[in-house]
Amino acid sequence: FIVLLMFFLQGIISGLIATFLFDLYQIALSYAYNINKSKWNLVGRYFIGILEGKYVIEDIESEEIIKNELIIGYFTHYLIGSIFGILYLSLNRILHTEPSILLALVIGFLTVIGGWCIMMPFAYNMGYFASKKSEQKKIMVQNLIAHFIFGIGLYLGYLIIN
């Protein structure tokens with residue numbers, strides 16, 4: 001039982017480290033190049049809406065502000081990061097004897113697919129792969145790099161906890 005608990009704790013820590021690096025990268029871009037970072041309050045608003053049966057939102061920014069949406073958005077962000085940390089550790093232990101950077105980057109890519117195919121069309125009404133936006137390529141490249149950083153964070157998190 002203790003071994004299993006430690007394994008899950010290691011996966012959670014790896015995911016938290018990766019998510020934190022993702023956020024640091026976005027903050028750095030915001031300060032250095034005035035690039036908008038993720039709006040975690042809107043993520044919270046969307047997930048609160050899901051609990052209320054609202055799966056598609058036309059204009060999330062004009063929706064009524066919900067109490068604690070920012071906290072819920074960050075919690076959801078870090079929870080999902082932790083889940084991917086556990087997935088990375090699990091697959092890495094099955095497939096490799098040492099931490100795999102390639103596997104971490106593949107999982108980072110899988111996380112960006114979630115943003116492109118779930119959050120963009122249903123939460124932000126941007127279409128799949130930001131297809132409704134004139135700056136689609138820019139958005140996709142920024143997302144891809146941020147999630148690439150997340151993948152590197154998974155790998156670094158695993159190295160730190162091992």
Side-chain angles (χ1 to χ4, degrees), residues 11-12 14-92 95 100-157:
I12 289 168
S14 179
L16 292 175
I17 290 169
T19 306
F20 183 70
L21 285 177
F22 176 101
D23 287 345
L24 282 179
Y25 171 74
Q26 285 198 328
I27 290 167
L29 280 182
S30 177
Y31 282 113
Y33 301 106
N34 202 26
I35 294 174
N36 293 334
K37 60 186 188 73
S38 298
K39 297 177 181 175
W40 300 115
N41 62 314
L42 300 181
V43 172
R45 192 177 301 170
Y46 178 68
F47 280 95
I48 292 166
I50 286 176
L51 294 174
E52 297 170 352
K54 194 173 190 180
Y55 301 103
V56 179
I57 299 176
E58 289 300 316
D59 184 7
I60 196 163
E61 293 198 35
S62 68
E63 291 279 316
E64 185 177 318
I65 294 172
I66 301 170
K67 183 179 178 185
N68 299 321
E69 65 184 25
L70 180 61
I71 293 167
I72 292 167
Y74 268 107
F75 176 80
T76 303
H77 174 51
Y78 278 83
L79 175 64
I80 291 169
S82 296
I83 291 167
F84 277 104
I86 293 168
L87 175 66
Y88 171 64
L89 242 68
S90 300
L91 290 175
N92 200 89
L95 302 172
S100 168
I101 186 70
L102 181 60
L103 178 62
L105 294 175
V106 167
I107 291 176
F109 180 72
L110 291 176
T111 64
V112 81
I113 294 293
W116 290 343
C117 297
I118 297 171
M119 294 305 290
M120 285 184 182
F122 301 114
Y124 300 121
N125 195 22
M126 296 169 68
Y128 289 95
F129 303 95
S131 61
K132 293 182 179 180
K133 292 294 201 176
S134 60
E135 64 272 9
Q136 176 189 19
K137 289 178 186 171
K138 178 182 170 186
I139 292 168
M140 290 183 65
V141 168
Q142 288 173 351
N143 286 183
L144 193 57
I145 294 169
H147 287 261
F148 175 79
I149 298 293
F150 176 81
I152 292 171
L154 287 174
Y155 175 74
L156 293 175

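Throughout, numbering of the chain's residues begins at 1 and tracks the sequence. These numbers come from the heavy atoms of this one structure, side chains and all, not from hydrogens, waters or symmetry mates. Predicted, not measured: the structure shown is a model, and the values here were computed from it.
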Report the residues that fulfil side-chain hydrogen bond (donor to acceptor under 3.5 Å, both in side chains) with [X], sequence neighbours left out, ordered by chain and then residue number.
{"X": "Trp40", "result": "none"}
{"X": "Asn68", "result": "none"}
{"X": "Asp23", "result": "His77, Tyr78"}
{"X": "Thr19", "result": "none"}

First locate atom [atom1] of [X], then atom [atom2] of [Y], and finally report the distance between them rounded to the nearest 0.5 Å.
{"X": "Ile107", "Y": "Asn92", "atom1": "CD1", "atom2": "CG", "answer": "8.0 Å"}
{"X": "Ile72", "Y": "Ile48", "atom1": "CD1", "atom2": "CD1", "answer": "3.5 Å"}
{"X": "Phe75", "Y": "Ile80", "atom1": "CZ", "atom2": "CD1", "answer": "10.0 Å"}
{"X": "Lys37", "Y": "Gln142", "atom1": "NZ", "atom2": "CD", "answer": "13.5 Å"}

So the salt bridge (Lys or Arg N to Asp or Glu O under 4.0 Å) pairs with at least one residue in residues 104-124 (sequence neighbours excluded) are none
Kindly write out the residues that satisfy side-chain contact (heavy atoms from CB on, under 4.5 Å) with [X], not counting sequence neighbours, or none if the list is empty.
{"X": "Asp59", "answer": "Glu61, Ser62"}
{"X": "Ile50", "answer": "Tyr46, Phe47, Tyr55"}
{"X": "Tyr33", "answer": "Leu29, Ile35"}
{"X": "Ile83", "answer": "Leu79"}

Does anything in residues 106-122 pair up under side chain to side chain donor-acceptor pair (under 3.5 Å), and if so which pairs, sequence neighbours excluded?
-> Thr111-His147, Trp116-Asn143
Return each pair, listed once, that meets side chain to side chain donor-acceptor pair (under 3.5 Å) where at least one residue sits in residues 128-141; pairs must be two or more places apart or across chains.
-> Asn125-Lys132
Counting neighbours of [atom1] on [X] that are heavy atoms of other residues, nucleotides or ligands and sit closer than 6.0 Å, is the number greater than 12?
{"X": "Phe148", "atom1": "CZ", "answer": "no"}
{"X": "Ile65", "atom1": "CD1", "answer": "no"}
{"X": "Phe122", "atom1": "CZ", "answer": "yes"}

What are the two closest heavy atoms between [X] and [Y], and how far apart are they?
{"X": "Ala18", "Y": "Gly153", "value": "CB-C, 3.5 Å"}
{"X": "Leu21", "Y": "Ile149", "value": "O-CG2, 3.8 Å"}
{"X": "Ile60", "Y": "Leu42", "value": "CD1-O, 3.2 Å"}
{"X": "Gly15", "Y": "Leu154", "value": "CA-CD2, 4.0 Å"}
{"X": "Ala146", "Y": "Gln26", "value": "CB-NE2, 4.5 Å"}
{"X": "Ser100", "Y": "Tyr155", "value": "C-CD1, 3.8 Å"}

Residues passing the salt bridge (Lys or Arg N to Asp or Glu O under 4.0 Å) test with Lys54, sequence neighbours excluded, are Glu63
Phe109 and Leu144: side-chain contact (heavy atoms from CB on, under 4.5 Å), yes or no, with the steps?
-> CA-CA 7 Å; Phe109 180 72; Leu144 193 57; 3.7 Å; yes
Would you indicate whether the side-chain heavy atoms of [Y] and [X] approach each other to under 4.5 Å?
{"X": "Pro121", "Y": "Met126", "answer": "no"}
{"X": "Ile145", "Y": "Tyr25", "answer": "yes"}
{"X": "Tyr88", "Y": "Ser14", "answer": "yes"}
{"X": "Tyr74", "Y": "Asn41", "answer": "no"}

